[in-house]
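Predicted, not measured: the structure shown is a model, and the values here were computed from it. Residue numbers begin at 1 in each chain, while the letters A, B, ... track the order of the sequences.
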2 protein chains.
Amino acid sequence: MKRITILDIAKELNITFSTVARALNDHPAISAATKQAVRETADRLGYRPNRVASSLRSGKTKIIGVLVPRLDVSFFSSVLHGIEGVMNENGYTILLFQSQESIKQEARGIETFLRSRVDGIIASISLETEGNGSYSEVRDRNIPLAFFDRVPQGLDVPAVTIDDYQGGFMATEHLIKAGYRRIVHINQYRDINIFNERLRGYLDALKQYGLPIDENLIIKGDFSLEFGRQCVRELMAARIDFDAIFTLEDFTAMGVVQELKAIGKRIPADVGIVGFANEAFTNLVSPTISTVDQCTVEMGEEVARLFLKLLKKGDYYKHKPEKIVLTPRLLVRESSSR
Amino acid sequence: MKRITILDIAKELNITFSTVARALNDHPAISAATKQAVRETADRLGYRPNRVASSLRSGKTKIIGVLVPRLDVSFFSSVLHGIEGVMNENGYTILLFQSQESIKQEARGIETFLRSRVDGIIASISLETEGNGSYSEVRDRNIPLAFFDRVPQGLDVPAVTIDDYQGGFMATEHLIKAGYRRIVHINQYRDINIFNERLRGYLDALKQYGLPIDENLIIKGDFSLEFGRQCVRELMAARIDFDAIFTLEDFTAMGVVQELKAIGKRIPADVGIVGFANEAFTNLVSPTISTVDQCTVEMGEEVARLFLKLLKKGDYYKHKPEKIVLTPRLLVRESSSR
DNA sequence: TTGAAAGCGCTAACAT
DNA sequence: ATGTTAGCGCTTTCAA
């Protein structure tokens, strides 16, 4: 099947291709009759506008690059769901790239986006990324850029995040108000802003309620269910006294719950638990796990909208970048209700 | 910052732009010295090849359109994770579109892909799609096309699926062997091939083990946790005797478990449960739920590889389309172990 | 209201 | 080993 171009339509109708182009783009100077004829012929011949050609000429691709760490993590796929939904409604298509949490792969993604001449980039940085990664170059080329959740520290760019500080604070405050006093916090060993913020929230809540800060209660490691179990084992082995655990994310909390149940601790009577992320399972397991909801789909939609605003403004880097901070929702469930 | 083209590099070095183009593409006829000089200048000037131009000229975009129902469903985001991983390694980028389970939106997706001149399309059809949807047109245009999991019935195309028949059979057989005799099956009201296959597996297992088929035990509805609960309530209200339930997917199974526990039934002693999909929570709840694993990431990787083979062959629609059927894994857990 | 013509940045056939 | 040339299919300016 031969590829139909505006030239073929023009020949059919004995007009020039530029008239066809204008008719298809609903140019005001073209007569209704011509437009009608052009559209019918286009349909009849099975014409599909060639976006590649139009992009080359116009310099706009109507494509947005989205760079996420990995899509088998429900947080990122939910956000992507939100981004795609809004972008789609506004006539943009998503070019997708996973960094797989690798800084090198992240750089490849940006390179690909640059070569593909995307109209802009939305990203969440990899765990390995330090400083600005390859993002300064995007900025230098005046390509609009927005981040969600994980934002490079050094770059003053538009971003949508949740208030991780507040999330950490709320979780801890809730545990304190429920009467827990020796609250363990399991964090991550890497220097990632959002994780540091949750820790800061934890510390400030303790301070505000006059509780001592005990370094023995602050654990850093990698996050996983297994790590949660290990933490409990180590706390017990070291005979460290505790009556609650606030974890950086839900899988760790799940591990904590499993191990505590295994050694006969009652939840929430003996130990209160709060996780982070509102993974689907937290509301299905027994006891249901209290957690902090990160408004994933909303975050995606917000970053997409913020991005569209940015695109309209032009001069992306001349204005003060807009930052949207969503308020996390504390979901109190059985694991901390006593 | 001015956009650098091969012409700028050529001017710097006093050679022609075609030499530059060849040097950049590592053409054998170009001297090592020239290549070296060109690459250095390209780096120095911050040159990025323009893929849009190269695509227009070459007719290849190195972009694959991926059309999925929705990314907030973990099945699809996991498969996409697999697809992107393999495609990425092979130099392809993913253009993403969600049909949101709507046939109209699905058609828009295909239209977008066609206009974007993607090198091929990988898709899983929407629940609304009947017949071939808009896919016949893709075929007519000789654009390579492959499906995963949900495949249009009428089109003979390459596809990766799991053996849903076998999944249904294994689940049912396992329940029979565990001593359950009155096995309910909760299915979906729509005429979707993969769902029908699971039902067929259920029926055949009953037949093979000489158990009667009781229409009262076959329920059709929409899938959700709430529907699972409702089914149990209705079975009880109608005083229908049953000792096991095999559901079409895990959330329904979860609802079934919750409702049964609520009315004091013991699992697996009184009622055995098997779900389908191996959602993350099935291994975390209590009792852990037996389920059928769909090999999601593997499915994505397989469909990507199948696709790459297809691309190499050319003449996509002249060969007999390859179909890969993955064997599902039955995961026996507490909910059906007695 | 329509036509003519230039050019976006490459690839690739042909020429030297 | 390098240069010349002709497009790919559009958008857009200028002219009629």
Colleague: To the nearest angstrom, how far is B:Ile6 atom CD1 from C:dA12 atom P?
Modeller: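 After rounding, the reported distance stands at 12 Å.
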Colleague: Among B:Phe147, B:Phe97, B:Phe113, which residue meets the side chain to side chain contact (heavy atoms under 4.5 Å, CB included) test with B:Ile121?
Modeller: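 Only one option passes, and that is B:Phe113.
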Colleague: Flag the pair A:Arg44 and A:Glu12 as a salt bridge only when some basic side-chain nitrogen lies within less than 4.0 angstrom of an acidic carboxylate oxygen.
Modeller: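 A:Glu12 and A:Arg44: salt-bridged.
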Colleague: Look only at the side chain of B:Thr41 and the backbone of B:Ala37, and say whether a donor-acceptor pair between them is shorter than 3.5 Å.
Modeller: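 Yes; judged by distance alone, with no hydrogens or angles, the pair exists.
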Colleague: Could you tell me whether A:Phe307 and A:Tyr92 have their ring centroids closer than 6.0 angstrom?
Modeller: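 They do not qualify: ring centres at least 6.0 Å apart.
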Colleague: Rounded to the nearest Å, what distance is computed from the CZ atom of residue A:Arg51 to the C1' atom of nucleotide D:dC10?
Modeller: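 In whole Å, D:dC10 C1' lies 14 Å from A:Arg51 CZ.
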Colleague: Over the length of the helix from C:dT1-D:dA16 to C:dT16-D:dA1, how much do the five-pair end axes diverge, rounded to 10 degrees?
Modeller: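 The angle separating the two end axes equals 40°.
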Colleague: Whether B:Lys35 and B:Glu40 form a salt bridge (side-chain N of Lys/Arg under 4.0 Å from carboxylate O of Asp/Glu) is what I want to check.
Modeller: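 Salt bridge absent between B:Glu40 and B:Lys35.
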Colleague: Is there a side-chain polar atom (N or O) of B:Asn25 under 4.0 Å from OP1 or OP2 of C:dT11?
Modeller: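 For B:Asn25, the contact criterion (side-chain N or O under 4.0 Å from OP1 or OP2 of C:dT11) is met.
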Colleague: Would you mind reading off the distance between A:Ile4 atom CD1 and D:dG9 atom P, rounded to a whole angstrom?
Modeller: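 Computing the A:Ile4:CD1 to D:dG9:P distance gives 11 Å.
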Colleague: Which nucleotide in the set D:dT2, D:dG7, D:dC10 lies at the smallest distance from any side-chain heavy atom of A:Ser54?
Modeller: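 From the listed options, D:dC10 comes nearest.
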Colleague: Find the distance B:Leu56:CG to C:dC8:C1' and express it as a whole number of Å.
Modeller: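 Nearest whole value for this atom pair: 9 Å.
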Colleague: Measure the distance from CZ on B:Arg57 to P on D:dC10 and round it to the nearest whole Å.
Modeller: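 About 15 Å, once rounded to whole Å.
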Colleague: Taking only Lys NZ, Arg NE, NH1 and NH2, and the carboxylate oxygens of Asp or Glu, determine whether A:Glu322 and A:Lys309 approach each other closer than 4.0 Å.
Modeller: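 Yes, A:Glu322 and A:Lys309 are salt-bridged.
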Colleague: Could A:Asp156 and A:Lys323 be called an ion pair, given the rule that one side-chain N must be under 4.0 Å from one carboxylate O?
Modeller: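 Counted as a salt bridge, because a side-chain N and a carboxylate O are separated by less than 4.0 Å.
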Colleague: Could you tell me whether B:Thr34 contacts a base, only the sugar-phosphate backbone, or nothing, with contacts defined as non-hydrogen atoms closer than 4.0 Å?
Modeller: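 Sugar-phosphate contact only - B:Thr34 comes under 4.0 Å of backbone atoms but never of a base.
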Colleague: Could you tell me whether the side chain of A:Asp149 and the main chain of A:Thr161 form a donor-acceptor pair under 3.5 Å?
Modeller: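 Side chain of A:Asp149 to backbone of A:Thr161: no pair is present.
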Colleague: Report the nucleotide, chosen from C:dC10, D:dG9, D:dT11, that has the shortest atom-to-atom distance to any side-chain atom of A:Ala53.
Modeller: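 The listed nucleotide nearest to A:Ala53's side chain is D:dG9.
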Colleague: What residues from residues 8-24 of chain B pass a heavy-atom cutoff of under 4.0 Å to DNA chain C?
Modeller: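 B:Phe17, B:Ser18, B:Ala21, B:Arg22, in order of number.
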Colleague: Inspect the contact between A:Arg150 and A:Glu101 and indicate whether a charged nitrogen and a carboxylate oxygen are less than 4.0 angstrom apart.
Modeller: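 A:Arg150 and A:Glu101: salt-bridged.
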Colleague: More 5' along DNA chain D: B:His27 or B:Arg117, using each one's nearest nucleotide?
Modeller: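 Residue closer to the 5' terminus by nearest nucleotide: B:His27.
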Colleague: Is the phosphate of D:dT2, meaning OP1 or OP2, less than 4.0 Å from a side-chain N or O of B:Ser31?
Modeller: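 Answer is yes, contact under 4.0 Å.
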